[in-house]
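One structure below.
Hydrogens, waters and symmetry mates play no part in the numbers below; they use all other heavy atoms, side chains included.
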Amino acid sequence: IDKVFKHLNWLSIMPPVGTMTKRAIRFLHSGAFYICGRDKDFRPCFVMDAVRMSGLYKIDPNEDWAAVLQECFIFLWQYIKAVMFLPG
């Protein structure tokens, strides 16, 4: 029960989907993450390009990359959930 309440508290303080910082939008536009369609079983295929990710890290090593990645992942997983999952 304690974990359920912690999760509900986390959901209440989590920023709403669609509010992303400029740095997260820039990171998404870099091509480090992309969705390349579906596999034969209709599962979404998500690709992470580690070379591009490391290149962005070298440009600005003082950036809080954990927060940027969290914003990107929340946006992408919410997008996949809303657009690519089949009902049922």
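For Gly31 against Asp49, the heavy-atom pair with the smallest separation is O-CB, 4.1 Å. When all heavy atoms are compared, the tightest approach of Val68 to Ala24 is CG1-CA, 4.1 Å.
Contact annotation: the side chain of Glu71 approaches that of Arg23 to within less than 4.5 Å [non-hydrogen atoms, C-beta and beyond]. Counting heavy atoms from C-beta on, the side chains of Arg38 and Arg43 never come closer than 4.5 Å. Between Trp77 and Phe46 the shortest side-chain heavy-atom distance falls below 4.5 Å. Looking at Leu76 and Leu28, their side chains come closer than 4.5 Å, going by heavy atoms from C-beta outward. At least one side-chain heavy atom of Phe73 sits under 4.5 Å from a side-chain heavy atom of Met48.
A distance of 9.0 Å separates SG of Cys72 from CD1 of Ile25, quoted to the nearest 0.5 Å.
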Evaluate ring-ring contact (aromatic ring centres under 6.0 Å, His included) for Phe33 paired with Phe27, printing each intermediate quantity in order. CA-CA 8 Å; Phe33 302 123; Phe27 193 75; 5.4 Å; yes
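Tyr34 and Ile80 are members of different hydrophobic clusters when ILVMFWY side chains are connected at heavy-atom separations under 4.5 Å.
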